[in-house]
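Quick notes on the structure that follows.
We count ligands from 1, going down the list as the structure has it; atoms in each ligand are counted the same way.
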Amino acid sequence: MSAGLLAGKAALITGAASGIGRATALAFAREGARVAVADLSADRAGEVAAGLRAGGAEAIALAVDVADDAAVAQMVRATVAAFGQLDCAFNNAGIATAAVGAGGVKIADIDPAAWRRILEINLDGVWYCLRHEVAQMRRQGGGAIVNTASIGGLVGLPASSAYGASKHGVVGLTRVAALDHGGEGIRVNAVCPGYVETPMTVEALGRRGSDILRRVPLARHAQPEEIAEAVVFLCSDRASFVTGAAWTVDGGYTAV
Ligand code: NAD
């Protein structure tokens, strides 16, 4: 068995074909985990998994839309079929307001369909993942789950009502899941990134990156690898007494 913080663990990551999810897939593999790389984009998930295998890790690619409960159930089944168990899950797939054409739109003006789509992916999707992962983890006697929230799940960000509601929902869901399943050996935490340089934020950081930086004590945006390191820790046995937490990795944005 390889050495590392996640040696021998079977892991599942959603939204793993890009940005924070992809960086975490690489970090998990480096730490000795077997990794199921799940994403809406089967092609890009396949490329990430192939890269992990080329580096000597065990990895599979899975196509999933996290807004589809049946597809999420199948994703968890496929992971367990491949690896025999599910020790770590990172429920990370999500979309920004701009992805549904609602970037910069205030509450009274948001299109109901855009609102629904963001909630379906960012909040319903995390619940679907949680319920199928927890079902597997309680059968095997435990596990660790991390959900991707955001600083937008802790404080209000302007013109992001659906995104903010979805991410506050993820923090709440994380806390309740920790209460409900702690007695079954299942830890559930959230990671709350600040602004990270990924394909999701290219447009927003290009438009108002310098305004945002004025609010970041570390005076820079994050790289996805910096979020991945927090997720590795939270999924590892080193975090054995950490559950129900909403961990900020935000360069101090919410410390003001
Ligand atoms: P990204 O766009 O680089 O990656 C997101 C991935 O999720 C993509 O590969 C995409 O195909 C996948 N995805 C989208 N919808 C999906 C669906 N319905 N089912 C399955 N996969 C789907 O974005 P990122 O910046 O890496 O964001 C990852 C997570 O981090 C999101 O939940 C996002 O809200 C959160 N987040 C990002 C930032 C940031 O600044 N980038 C900050 C805080 C939180």
Side chain of Arg187, backbone of Gly244: donor and acceptor closer than 3.5 Å?
no

Quick one, list the residues around ligand 1 where some non-hydrogen atom comes in under 4.0 Å, by chain and residue number.
Gly15, Ala17, Ser18, Gly19, Ile20, Asp39, Leu40, Arg44, Val64, Asp65, Val66, Asn92, Ala93, Gly94, Ile95, Ile121, Thr148, Ala149, Ser150, Tyr163, Lys167, Pro193, Gly194, Tyr195, Val196, Thr198, Pro199, Met200, Thr201

Which pairs, with at least one residue in residues 8-26 and sequence neighbours excluded, count as a salt bridge (Lys or Arg N to Asp or Glu O under 4.0 Å)?
Lys9-Asp237

Keeping the roles fixed (side chain from Asn189, backbone from Ala245), state whether a donor-acceptor pair exists under 3.5 Å.
yes

With Asp211 as partner, the option from Arg214, Arg208, Arg215 fulfilling salt bridge (Lys or Arg N to Asp or Glu O under 4.0 Å) is Arg214

Determine whether a donor-acceptor pair (N or O, by modelled atom type, separation under 3.5 Å) exists between the side chain of Asn92 and the backbone of Thr14.
yes

Assess whether atom CZ of Arg238 is packed by more than 12 heavy atoms of other residues, nucleotides or ligands within 6.0 Å.
no

